[in-house]
Every structure is written in structure tokens, then in C-alpha cells.
Student: 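Sharing a structure, written as C-alpha cells. Questions coming.
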Amino acid sequence: MAADKYLFEYAVKDSSVPVLRIYGWNEPSITIGNHQSIERALDRFRLGGTPVVKRITGGRALLHETDEITYAVAGDFLKYRQLGNSLNESYNLISSAIVQFYKFLGWAAEINRRDNPVSLSNSATLQKGCMAAVSHYEILVNGQKMAAGSQRRATHSFLQHGAIKLFPPQSHPAIRGGMEDVGLKEVEGIKQGRDDLIAGLVKKFEDEFSIEFEKHHWDLGERKYITEIESDFGNLNPAQIDLNKQVS
């Protein structure tokens with residue numbers, strides 16, 4: 001999450017070339033929206049040992065799994081018009097790239113076209129998780145939401161990040177709203193190697209944006225800055241925080 005914050009700041013300050021970041025998780029983890037409190041987003045008593053971290057974007061609690069592809073797209077949409085001129089347009093372009101990726105892998109994916117925006121409830125009840133509802137421009141496979149994304153925008157730049165599921169999404173006891181709420185249908189998982197999957201995904205983004213990406217590895221300055229801001233994205237799981245206090 002610190003790396004995504006860096007990419008957003010870089011896009012805002014430097015009007016940088018568009019960036020597509022592909023990453024993953026070494027253990028199942030939960031991200032919550034920037035405006036969510038952990039008390040409203042999750043049932044803290046059912047978290048177990050699952051790490052929790054805030055995103056820089058909005059949205060709701062999302063379980064990230066070790067077999068998903070997580071992505072971030074960042075850039076200056078005024079300088080690079082192919083990124084889309086509005087929130088809806090950029091969402092649509094990114095969703096189209098992911099749909100084409102799924103179709104390339106043999107899944108009958110489609111973009112949800114219902115104008116049914118999802119907002120966070122002001123009531124005291126636990127808020128539903130990200131995968132428990134389908135809003136505009138989100139991606140369905142056999143009626144099941146399979147990819148999730150959230151976006152943050154500045155005057156001329158944006159960052160969108162999200163999860164591309166390669167197997168039917170799993171539920172988590174701490175997140176309200178199980179898969180039954182969205183009509184889970186049997187979807188066979190994708191078995192291709194991760195390197196081939198990533199190459200295929202990058203190609204679909206290149207086709208959609210008419211951009212050719214080149215590989216970039218974090219340089220020393222970038223790694224230093226990302227490390228410096230990592231403390232802003234610590235584990236929010238109360239059980240882990242209490243354990244750390246006991247150890248210290």
C-alpha cells in the first residue's frame with residue numbers, strides 16, 4: 001500500500017508516464033477503504049491472525065488471496081488522454097482490459113452496466129464487504145463478481161488499484177456479506193503459470209490504452225521513500241497490535 005501511495009504522489013507531482021504495477025500477497029490479507037474504521041469495516045472478534053491494512057482509496061473491506069493478481073494503474077489523465085477523461089471513463093477502460101484478459105483465459109466475463117452505486121452506510125451496523133455487492137463497471141463471470149477496484153483522483157492524475165481473482169473469491173468470517181449474497185456460481189480456477197498470466201494481463205492493458213509498457217524495478221531512491229512511509233500502513237488487526245504491545 002505504501003508503494004501505491006508513492007505511485008499516486010509521483011503521478012500528481014511529476015505528471016509521470018502511466019504506470020501499471022502488478023503485485024501479490026504472501027499471505028491472505030484484508031484491505032479496508034481509506035474512510036473506513038476497522039470497527040465499522042470488520043468484525044474484529046473474527047479476524048483471527050489475518051493482517052489488515054488501509055488503502056489510499058475508498059471502498060470497503062476486501063480479502064486479498066495469495067493466488068490473485070493485484071494491480072495498480074497511475075498516471076496523468078490530462079497529459080495522457082488514453083487513460084480516460086473522467087472517473088467513469090477510466091474505470092471503464094480498466095475494466096475492459098481485465099474483461100479481455102479473462103476472455104483470453106477462457107472465462108465469459110462481462111462489465112456490469114447497472115447504474116447502482118454503492119455507498120457506505122451511516123448506521124452503526126457493520127458495513128458489507130467489497131465482494132458482497134456489484135456496482136457499475138465491475139466485472140462478472142457467470143454472474144459472480146470476480147474483480148474489484150477502487151480509485152483516487154487528483155486535479156489531473158489518478159490511481160486505481162484492485163484485485164483480479166483467478167479462483168472463486170473466498171469469504172472471511174470478519175467481513176460481512178458472504179458469497180451467497182452475490183449469487184456465487186461454480187467457476188473453475190485458472191491454472192496457468194503466474195508469469196504467463198501477468199504477461200497476458202499487461203498485453204490487454206497495452207491494447208486498451210494504446211500504450212507500450214516497459215519493465216521497471218524500484219530504484220534505491222524509490223525503495224528508500226517507500227520504506228519511510230511504510231509506517232503509515234501498519235497492521236490494524238487489534239489482536240496483532242495487542243500482541244506487539246505484549247512483546248515490547
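Here the structure is a predicted model, which is why all the values come from computation and not from measurement.
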Student: Can you list everything that forms a side-chain hydrogen bond (donor to acceptor under 3.5 Å, both in side chains) with S96? Sequence neighbours excluded, please.
Tutor: none

Student: Without swapping roles, check the side chain of S95 against the backbone of I111 for a donor-acceptor pair under 3.5 Å.
Tutor: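 Answer holds: no.
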
Student: Ignoring hydrogens and angles, state whether a donor on the side chain of Y225 or E9 is under 3.5 Å from an acceptor on the partner side chain.
Tutor: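 A pair is found: one side chain offers a donor N or O, the other an acceptor, under 3.5 Å apart.
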
Student: Do you know the tightest heavy-atom contact between D76 and H156?
Tutor: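 What the structure gives for the nearest pair is OD1-O, 2.9 Å.
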
Student: Quick one: pull up CZ in F101 and CG in D207 and give me the separation to the nearest 0.5 Å.
Tutor: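 Spacing of CZ (F101) from CG (D207) equals 13.0 Å.
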
Student: Can you measure from CD (Q82) to CD (E89) and round to the nearest 0.5 angstrom?
Tutor: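 It is 11.0 Å, given to the nearest 0.5 Å.
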
Student: Is any side-chain heavy atom of Y71 closer than 4.5 Å to one of I94?
Tutor: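 Heavy-atom side-chain distance check passes, below 4.5 Å.
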
Student: Less than 4.5 Å apart, side chain to side chain, heavy atoms only: is that true for I56 and N34?
Tutor: no

Student: Tell me which one of I211, L93, I98 satisfies side-chain contact (heavy atoms from CB on, under 4.5 Å) with F205.
Tutor: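 Single pass found, and it is I98.
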
Student: Does one side chain, of R152 or T57, offer a donor that lies under 3.5 Å from an acceptor on the other?
Tutor: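 No, no side-chain donor-acceptor contact under 3.5 Å.
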
Student: When you look at CG of D219, are more than 12 heavy atoms from neighbouring residues, nucleotides or ligands closer to it than 6.0 Å?
Tutor: yes

Student: For side chain to side chain donor-acceptor pair (under 3.5 Å), just list the numbers for Q127 and Q36, CA-CA rounded to whole Å, side-chain angles, deciding distance to a tenth of an Å, and then say yes or no.
Tutor: CA-CA 9 Å; Q127 295 161 343; Q36 283 190 299; 2.8 Å; yes

Student: Indicate yes or no for a side-chain donor-acceptor contact from N235 to the backbone of P51 under 3.5 Å, with no hydrogens or angles considered.
Tutor: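 Here the side-chain-to-backbone pair does not exist.
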
Student: Shortest non-hydrogen contact from M146 to F167?
Tutor: CE-O, 3.5 Å

Student: Please evaluate residues L20 and F209 with respect to the criterion side-chain contact (heavy atoms from CB on, under 4.5 Å), reporting the C-alpha separation (whole Å), side-chain torsions for both, the decisive distance (0.1 Å), and the verdict.
Tutor: CA-CA 11 Å; L20 170 62; F209 288 124; over 6 Å; no

Student: Please check if the side chain of S157 supplies one atom and the backbone of A154 the other of a donor-acceptor pair under 3.5 Å.
Tutor: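 Between the backbone of A154 and the side chain of S157 there is no qualifying donor-acceptor contact (under 3.5 Å).
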
Student: Regarding E228 and K224, does a basic nitrogen lie under 4.0 Å from an acidic carboxylate oxygen?
Tutor: yes

Student: Measure across A61 and L42 and return the closest heavy-atom pair with its distance rounded to 0.1 Å.
Tutor: CB-CD2, 3.7 Å

Student: Report yes if the side chains of E68 and I164 come closer than 4.5 Å at any heavy-atom pair, otherwise no.
Tutor: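 A side-chain contact under 4.5 Å is absent here.
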
Student: At their closest point, which heavy atom of V53 faces which heavy atom of F233, and how far apart are they?
Tutor: CG2-O, 3.3 Å

Student: Does the distance from a Lys or Arg side-chain N to an Asp or Glu carboxylate O, for D4 and R21, drop under 4.0 Å?
Tutor: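 Yes.
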
Student: Mind checking whether W25 and H64 have parallel, tilted or perpendicular rings, split at 30° and 60°?
Tutor: parallel

Student: When you check the side-chain N and O atoms of E222 and Y10, is any donor under 3.5 Å from an acceptor?
Tutor: no

Student: Can you check whether A239's main-chain N or O pairs, donor with acceptor, with N237's side chain at less than 3.5 Å?
Tutor: yes

Student: Considering all heavy atoms of both residues, which atom of Q151 and which atom of R153 are nearest to each other, and what is their separation?
Tutor: OE1-NH1, 2.5 Å

Student: Please name the pair of heavy atoms, one in F213 and one in P18, separated by the smallest distance, quoted to 0.1 Å.
Tutor: CE2-O, 3.9 Å

Student: Starting from the C-alpha separation in whole Å, work towards a yes-or-no answer on side-chain contact (heavy atoms from CB on, under 4.5 Å) for C130 and K145.
Tutor: CA-CA 10 Å; C130 178; K145 180 176 175 178; 3.6 Å; yes

Student: Answer yes or no: is there a side-chain heavy-atom contact under 4.5 Å between F158 and L83?
Tutor: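 Yes, at least one pair of side-chain atoms sits under 4.5 Å.
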
Student: Can you name the side-chain hydrogen bond (donor to acceptor under 3.5 Å, both in side chains) partners of K215, sequence neighbours left out?
Tutor: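 K215: no side-chain hydrogen bond (donor to acceptor under 3.5 Å, both in side chains) contacts found.
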
Student: Out of curiosity, Q100 CD to E208 CD, how far, rounded to the nearest 0.5 Å?
Tutor: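 Q100 atom CD to E208 atom CD measures 7.0 Å (nearest 0.5 Å).
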
Student: Hey, are R176 and D43 close enough for a salt bridge, meaning a charged N less than 4.0 Å from a carboxylate O?
Tutor: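 No salt bridge links R176 with D43.
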
Student: Report yes if the side chains of K204 and V99 come closer than 4.5 Å at any heavy-atom pair, otherwise no.
Tutor: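 No. Closest side-chain heavy atoms not under 4.5 Å.
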
Student: For the pair V73 and V19, evaluate side-chain contact (heavy atoms from CB on, under 4.5 Å) and give the outcome as yes or no after the intermediate values.
Tutor: CA-CA 6 Å; V73 177; V19 174; over 6 Å; no

Student: What I'd like to find out is whether the side chain of L47 reaches to under 4.5 Å of the side chain of I38, using heavy atoms alone.
Tutor: yes

Student: First locate atom CZ of R55, then atom NE2 of H35, and finally report the distance between them rounded to the nearest 0.5 Å.
Tutor: 10.5 Å

Student: Should H172 and T50 count as side-chain neighbours, where that means a heavy-atom distance under 4.5 Å?
Tutor: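 Yes, their side chains come closer than 4.5 Å.
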
Student: Going from CZ on R40 to CG on L126, what distance comes out if it is rounded to the nearest 0.5 angstrom?
Tutor: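 Nearest 0.5 Å value for the CZ-CG distance: 8.0 Å.
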
Student: Just checking, any donor-acceptor pair under 3.5 angstrom between side chains of H161 and T70?
Tutor: no

Student: With a 4.5 Å heavy-atom cut-off, do I69 and R194 have their side chains touching?
Tutor: yes

Student: Going from CE on M131 to CD1 on I175, what distance comes out if it is rounded to the nearest 0.5 angstrom?
Tutor: 10.0 Å

Student: Would L201 and L197 count as a side-chain contact (heavy atoms from CB on, under 4.5 Å) here? Give the steps.
Tutor: CA-CA 6 Å; L201 179 63; L197 291 171; over 6 Å; no

Student: Flag yes if more than 12 heavy atoms outside Y23 fall under 6.0 Å of its OH atom; otherwise flag no.
Tutor: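 Result for OH/Y23: enclosed.
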
Student: So, E27 versus T66: side-chain donor-acceptor pair below 3.5 Å or not?
Tutor: no

